[in-house]
Amino acid sequence: MLKIDNIKTFYGNIQALKGVTIEVSEGEVITLIGANGAGKTTTLMSISGVVPPRSGEITFQGEKIHKKSPDEIVKLGISQVPEGRRIFPGLSVMENLEMGAFLRTDKAGIKEDLDYVLDLFPILAERKSQAGGTLSGGEQQMLAISRALMAKPKLLLLDEPSLGLAPLIVKRIFDIITKINQEHNTTIFLVEQNANMALQVAHRGYVMENGMITLVDDAKKLAANEEVKKAYLGI
Ligand code: ATP
């Protein structure tokens, strides 16, 4: 479904990605784990067109996307949930969700997806008139995921959904991620520092260090890998 082929991405003179190759098949949950500053967020930004790669190629469902604009990429079926949620704090929950469907015109489909996300996260239905900024961290994460789903993505990019949340909430969010993958037929690309949780929900995992992929394997095998255990699982 997605093929990232040897991409090199820069911020000015700083090279954040030094030739990254990743493949994601339809229906998979893949996770990209690594330390702070390894280049995980930059990988997502390269896919979504926010920070396009300087060289290399990204192909989504057979179409080259590495030179396309972020809105063209959303229209093709890739939505990103950014790190730190970035919901619109002054807009209501419902308005935030409507923003997610901004590029769509299929009214019936929008209504169907709205019902789906409110069913997935009933708390958002209860709080639909409330300003997004007044929600708890966990609720804001639910809203950010829901807003991304309102674009009807085939591929959902999640950047550190567990960041700053209590363990119980993290567990709920990860259960929902599995549900979205299994019941809503959405392929998931999950960036996480919480490698332990990420490797439990993912089918395959990639380990990134200093802008390069250093390991790739089935998630279960990575979780049992001695180096991964020591460096990322605190075991
Ligand atoms: P984190 O978990 O902290 O978000 P990460 O693995 O997602 O880390 P990136 O945010 O992709 O890492 O950063 C990769 C490298 O690019 C780091 O060296 C970082 O300092 C640098 N970098 C990231 N954003 C910018 C920017 N806007 N301007 C300059 N350098 C940046």
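Indexing begins at 1, ligand by ligand and atom by atom, following the structure's order. The structure presented is a predicted model; accordingly, all values stated were derived computationally and were not measured.
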Discussion item. Check this for me: Glu227, atom CD, are more than 12 non-hydrogen atoms of other residues, nucleotides or ligands nearer than 6.0 Å?
Written reply: no

Worksheet item: Relative to ligand 1, is Met208 under 4.0 angstrom through side chain, backbone, both or neither, heavy atoms considered?
Response: neither

Short list, please: which atoms of ligand 1 are under 4.0 Å from a heavy atom of [X]?
X      : answer
Ala35  : 6 (O)
Ala38  : 5 (P), 6 (O), 12 (O)
Glu160 : 2 (O)
Thr42  : 9 (P), 11 (O), 13 (O), 14 (C)
Thr41  : 4 (O), 5 (P), 7 (O), 10 (O), 11 (O)
Ala16  : 15 (C), 16 (O)

Fill in: Arg147 to Phe88 six-membered ring, cation-pi geometry met (6.0 Å, 45°)
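Yes, a cation-pi geometry holds between Arg147 and Phe88.
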
Worksheet item: Where do Gln140 and Leu135 come nearest, in terms of heavy atoms and distance?
Response: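 Closest heavy-atom pair between Gln140 and Leu135: NE2-O, 3.1 Å.
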
Item to complete: Can you see which heavy atom on Ser46 is nearest to which on Leu17, and at what distance?
Response: OG-CD1, 3.8 Å

Worksheet entry | For atom 24 (N) of ligand 1, closest protein heavy-atom neighbour |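 Nearest protein contact, heavy atoms only, for atom 24 (N) of ligand 1 is Tyr11 CZ, 3.4 Å.
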
Discussion item. Can you report which non-hydrogen protein atom sits closest to atom 2 (O) of ligand 1, along with the distance?
Written reply: Gln193 NE2, 3.0 Å

Practice prompt. Closest by any non-hydrogen atom to atom 1 (P) of ligand 1: pick that one out of Asn210, Asn36, Leu32, Ile33.
Written response: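 Selected option, by shortest heavy-atom distance: Asn36.
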
Discussion item. I'd like the name of whichever of Gly39, Gly37, Gly211 reaches closest to atom 18 (O) of ligand 1 through any heavy atom.
Written reply: Gly37

Worksheet item: Do the charged groups of Asp115 and Lys111 touch, with an N to O distance under 4.0 Å?
Response: yes

Worksheet item: Are the side chain of Ser79 and the backbone of Ala148 linked by a donor-acceptor contact shorter than 3.5 Å?
Response: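 Pair found, side chain donor or acceptor close to backbone of Ala148.
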
Item to complete: Taking Glu83 for its side chain and Glu160 for its backbone only, find out whether a donor-acceptor pair lies under 3.5 Å.
Response: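 No, Glu83 side chain to Glu160 backbone: no donor-acceptor pair under 3.5 Å.
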
Practice prompt. For the residue pair Thr21 and Asn6, confirm or rule out a side-chain donor-acceptor distance under 3.5 Å.
Written response: no

Worksheet item: Right, does atom 12 (O) of ligand 1 have protein non-hydrogen atoms nearer than 4.0 Å?
Response: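 Within 4.0 Å: yes, protein heavy atom nearby.
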
